[in-house]
A.B. asks: 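To start, I am sharing the structure in question, which I have written as structure tokens.
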Amino acid sequence: MIVLSTQNLTKKYSRLTALDQLNFEIQTGMIFGLLGPNGSGKTTTLGMILSVLKPTSGTFQWFEKPPSAASRREIGAILEIPCFYPYMTAEQNLQVAAKIKKCPTANIAPTLKTVGLYERRNDPFKTYSLGMKQRLAIGAALLANPPVLILDEPTNGLDPQGIVEIRELVIQIAKSGKTIIFASHLLDEVQKVCTDFMVLKKGKKLFQGNVKEALSDQRMVEVGAENLADLQNAFSNYQGISKLEIKDDLCLLTALPEITTNDISRYLFDKKVIINHLVEREGSLEKQFLKILAEK
């Protein structure tokens with residue numbers, strides 16, 4: 001199912017075009033990353049699809065229908081810095097959120113367990129670390145159990161441990177079947193978390209695609225063996241690679257996307273070549289991002 005689609009979505013402020021005829025689709029179950037330098041239109045896009053901002057022109061659809069109050073209730077979102085009552089506990093703050101969202105307070109305990117704050121539920125919000133505050137904000141967005149979650153820079157300002165905690169939480173939430181839209185300028189986080197991504201620059205879409213497919217041309221497999229000549233000879237007839245280089249007594253393979261390290265290992269075993277090194281090196285989304293920006 002198409003969760004979100006936009007049709008020539010445009011936002012202008014006087015002479016400035018913040019978003020220029022944006023077209024994209026998000027399918028159910030995706031963790032969809034919005035990438036772009038500052039001023040690229042990421043936050044403007046989120047503001048419009050949440051009906052916080054009114055498009056200058058163009059349209060968008062949620063769940064293959066025009067946006068409505070009913071569709072908005074199916075979306076949990078965090079667009080700003082977490083904002084809660086500092087002297088109230090996590091549980092009390094979520095009680096307020098439940099009243100606003102008109103959802104059962106019975107949802108609070110399981111939500112706090114999901115975001116890892118159940119043991120700290122009776123502590124005042126002001127005593128929380130920045131990472132804990134962000135997790136509570138995600139909990140508030142999840143409180144009504146929406147099928148879609150929108151996160152705008154959820155790891156912004158966090159220390160390395162906090163970033164890892166939010167990353168693991170997002171992946172955990174996605175595994176429950178939710179579709180997640182994840183805007184970030186941290187390319188490494190998008191690569192580790194997202195299944196698909198879109199690149200914006202000055203309000204225009206430069207690229208949209210699957211993360212693994214976009215990095216497939218950078219994927220490298222290192223293979224080593226005691227007899228390098230036998231290893232090279234074995235690969236000379238192997239149809240699963242498009243390029244082979246020798247470096248530091250290793251064969252560096254550019255393998256086809258469908259070829260796994262298990263496939264390579266089985267092939268060499270059948271050829272009676274004993275290997276002592278087999279490592280897959282993933283591509284870098286940072287390199288791909290910079291390549292896309294340079295090409296456009």
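Sequential numbering from 1 along the given sequence is applied to the chain's residues.
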A.B. asks: Using side chain to side chain contact (heavy atoms under 4.5 Å, CB included) as the criterion, list what pairs up with Pro124, not counting sequence neighbours.
C.D. replies: Lys126, Thr127
A.B. asks: Does CD1 belonging to Ile246 count more than 12 external heavy atoms closer than 6.0 Å?
C.D. replies: yes
A.B. asks: Could you measure the distance from the CD1 atom of Ile181 to the NZ atom of Lys42? Nearest 0.5 Å is fine.
C.D. replies: 14.5 Å
A.B. asks: Which residues satisfy the ring pair (Phe, Tyr, Trp, His ring centres under 6.0 Å) test with Phe125, sequence neighbours excluded?
C.D. replies: Phe84
A.B. asks: Please list, chain by chain and in numerical order, all residues satisfying ring pair (Phe, Tyr, Trp, His ring centres under 6.0 Å) with Phe32, sequence neighbours excluded.
C.D. replies: Phe24
A.B. asks: Could you list the residues that satisfy ring pair (Phe, Tyr, Trp, His ring centres under 6.0 Å) with Tyr267, not counting sequence neighbours?
C.D. replies: Tyr238
A.B. asks: Would you kindly confirm whether Leu130 and Ile138 end up in one hydrophobic cluster when ILVMFWY residues are joined by side chain heavy atoms under 4.5 Å apart?
C.D. replies: yes
A.B. asks: Taking C-beta and beyond as the side chain, do Val221 and Leu252 meet within less than 4.5 Å on heavy atoms?
C.D. replies: no
A.B. asks: Quick check, are the ring centers of Phe207 and Phe197 under 6.0 angstrom apart?
C.D. replies: yes
A.B. asks: Are Leu9 and Tyr13 connected in the hydrophobic side-chain network, where two residues link if heavy atoms are under 4.5 Å apart?
C.D. replies: yes
A.B. asks: Looking at residues at least two apart in the chain, or sitting in another chain, which of them share a side chain to side chain donor-acceptor pair (under 3.5 Å) with Asn156?
C.D. replies: none
A.B. asks: Could I get the full list of side chain to side chain donor-acceptor pair (under 3.5 Å) partners for Lys204, not counting sequence neighbours?
C.D. replies: Asp20
A.B. asks: With sequence neighbours excluded, tell me which residues meet side chain to side chain donor-acceptor pair (under 3.5 Å) with Arg120.
C.D. replies: Asp123
A.B. asks: In this structure, are over 12 heavy atoms from other groups packed under 6.0 Å from Asp248 atom CG?
C.D. replies: no
A.B. asks: What's the separation between atom CD1 in Ile173 and atom OG1 in Thr179, rounded to the nearest 0.5 Å?
C.D. replies: 12.5 Å
A.B. asks: If you apply the rule side chain to side chain contact (heavy atoms under 4.5 Å, CB included), what do you find for Phe60 with Ser5, and how did you get there?
C.D. replies: CA-CA 6 Å; Phe60 63 95; Ser5 63; over 6 Å; no
A.B. asks: Would you sort out whether Leu4 and Phe63 count as a side chain to side chain contact (heavy atoms under 4.5 Å, CB included), showing the intermediate values?
C.D. replies: CA-CA 6 Å; Leu4 172 66; Phe63 314 105; over 6 Å; no
A.B. asks: Does NZ or CZ of Arg266 come closer than 6.0 Å to the centre of the six-membered ring of Phe269, within 45° of the ring's axis?
C.D. replies: no
A.B. asks: For the atom pair CD1 (Ile78) and CD1 (Ile150), what is the distance rounded to the nearest 0.5 Å?
C.D. replies: 10.5 Å
A.B. asks: When you measure from the centre of the six-membered ring of Tyr128, is the NZ or CZ of Lys133 closer than 6.0 Å and no more than 45° off the axis?
C.D. replies: no
A.B. asks: Looking only at side chains, do Lys178 and Asn145 share a donor and an acceptor under 3.5 Å apart?
C.D. replies: yes
A.B. asks: Keeping Lys201 on the side-chain end and Gly36 on the backbone end, is there a donor-acceptor pair under 3.5 Å?
C.D. replies: no
A.B. asks: Is atom CG of Asn8 surrounded by more than 12 heavy atoms (other residues, nucleotides or ligands) closer than 6.0 Å?
C.D. replies: yes
A.B. asks: Take Leu143 and Ile108, measure what side chain to side chain contact (heavy atoms under 4.5 Å, CB included) needs, and give me the verdict at the end.
C.D. replies: CA-CA 7 Å; Leu143 201 55; Ile108 293 175; 4.1 Å; yes
A.B. asks: Output all residues satisfying side chain to side chain contact (heavy atoms under 4.5 Å, CB included) with Asp270, sequence neighbours left out; order by chain, then residue number.
C.D. replies: none
A.B. asks: More than 12 heavy atoms of other residues, nucleotides or ligands under 6.0 Å from CG of Asn38: is that the case?
C.D. replies: no
A.B. asks: Pairs in or reaching into residues 135-145: which pass salt bridge (charged side-chain N to carboxylate O under 4.0 Å, His left out), with residues at least two apart or in two chains?
C.D. replies: Arg135-Glu165
A.B. asks: Once side-chain hydrogen bond (donor to acceptor under 3.5 Å, both in side chains) is applied, what residue pairs with a partner in residues 95-109 remain, sequence neighbours excluded?
C.D. replies: none
A.B. asks: Evaluate the criterion side chain to side chain contact (heavy atoms under 4.5 Å, CB included) for residue pair Leu19 and Thr45; output intermediate values, then yes/no.
C.D. replies: CA-CA 7 Å; Leu19 210 61; Thr45 300; 3.4 Å; yes
A.B. asks: Checking Arg72 against Glu74 for the salt bridge (Lys or Arg N to Asp or Glu O under 4.0 Å) test, could you report, in this order, the C-alpha distance in whole Å, the side-chain angles of both residues, the deciding distance, and whether it holds?
C.D. replies: CA-CA 5 Å; Arg72 181 64 186 85; Glu74 298 294 298; over 6 Å; no
A.B. asks: Test: salt bridge (charged side-chain N to carboxylate O under 4.0 Å, His left out). Region: residues 220-242. Which pairs qualify, not counting sequence neighbours?
C.D. replies: Glu222-Arg281
A.B. asks: Please, which pairs that meet side-chain hydrogen bond (donor to acceptor under 3.5 Å, both in side chains) have at least one residue in residues 46-66, sequence neighbours excluded?
C.D. replies: Gln7-Thr59
